[in-house]
Amino acid sequence: MTPRPEAARNDGGVSLQRVCVFCGASPGGRPAYLEAATALGRELAERGIGLVYGAGGHGVMGALADGALAAGGDVTGVIPRALVDRELARRDLGDLRVVDSMHERKALMHELSDGFVALPGGLGTFEELFEIVTWGQLGLHAKPVVLLDVESYFAPLLAMLDHAVAEGFVRPSDREPVRRAGSVTEALALLEHPAKPARPRLVELDET
Ligand code: AMP
């Protein structure tokens, strides 16, 4: 699997064709989570950036897709066959990819996307987020990863990352690429102008 090269722009940034968003299948306890998801979906669509996500129709995932589709966005949903009914996979996506396993889902989301955003979510969101961060640590990719910190939802997680660095379990160079954004606009800016990759891509996913 060969990742597409990121197109450099003449202002030093990266041209994003598609961004993958990890987020909750549940709505969470605050309207702000859904509002931020809808706003992110809309902003991606208005900038002509394709959205890649888990294809779910409920919760934060549903709000994200609503925002993108209402603004005429290009949305790709990737979902394992076994979850199509359970997660109410949306049939109104321009591109719905039904795959055979969770592993295939994550590999395809990674392959299709130029960068990653995490919105508030639960264990599935954490798992997807940390897998993509650890793939970066291994040198499988050098794509930007941004946590959209709605209502400071990710503050304990960001503090845990800093604690892990302070305690010598995570290298500062592996913590550094995980960026926090306080708004949709800031998240897009961080994706388009990522920090210098901690290290060059060393291996391909299918080599591991
Ligand atoms: P959650 O954050 O738990 O609401 O889940 C959000 C999304 O993550 C859902 O689409 C889940 O199917 C997905 N998910 C849950 N577990 C995993 C996993 N192990 N790998 C990839 N995606 C997962």
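Since the structure is predicted, the reported quantities are computational estimates derived from the model, not experimental observations. Read the numbers this way: they start at 1 and go in the same order the structure lists the ligands and their atoms.
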- request: Could you tell me whether some N/O pair between Gly122 and ligand 1 is separated by less than 3.5 angstrom?
  value: yes
task: Using distance alone, determine whether Gly54 and ligand 1 share an N or O pair under 3.5 Å.
output: no
Numbering as shown, the atoms of ligand 1 that approach [X] to under 4.0 Å (heavy-atom distance):
X	value
Leu83	12 (O)
Gly124	1 (P), 2 (O), 3 (O), 5 (O), 8 (O), 14 (N), 15 (C), 16 (N)
Gly24	2 (O), 4 (O)

Between [atom1] on residue [X] and [atom2] on residue [Y], distance to nearest 0.5 Å:
X	Y	atom1	atom2	result
Leu16	Leu44	CG	CG	8.5 Å
Leu161	His163	CG	NE2	11.0 Å
Thr185	Leu190	OG1	CG	11.0 Å
Leu129	Phe22	CG	CZ	7.0 Å

- request: Measure the distances from the heavy atoms of Cys23 to every atom of ligand 1 and state whether one is below 4.0 angstrom.
  value: yes
query: Pick from Ile49, Thr38, Val184: which one makes a side chain to side chain contact (heavy atoms under 4.5 Å, CB included) with Glu43?
result: Val184
[atom]: the protein heavy-atom neighbour that sits closest, reported with distance to 0.1 Å:
atom	answer
atom 22 (N) of ligand 1	Glu128 OE2, 3.1 Å
atom 10 (O) of ligand 1	Glu87 OE1, 2.7 Å
atom 4 (O) of ligand 1	Ala25 N, 2.8 Å
atom 17 (C) of ligand 1	Met102 CE, 3.4 Å

- prompt: Under 4.5 Å between any side-chain heavy atoms of His110 and His141, yes or no?
  reply: yes
query: Do Tyr53 and Val78 have side-chain heavy atoms sitting under 4.5 Å apart?
result: no
message: Does Arg105 form a side-chain contact (heavy atoms from CB on, under 4.5 Å) with Glu128? I'd like the steps, not just the answer.
response: CA-CA 10 Å; Arg105 177 196 232 181; Glu128 292 171 319; 4.0 Å; yes
statement: Check: of Met61, Arg105, Glu127, min heavy-atom distance to atom 13 (C) of ligand 1 comes from Arg105
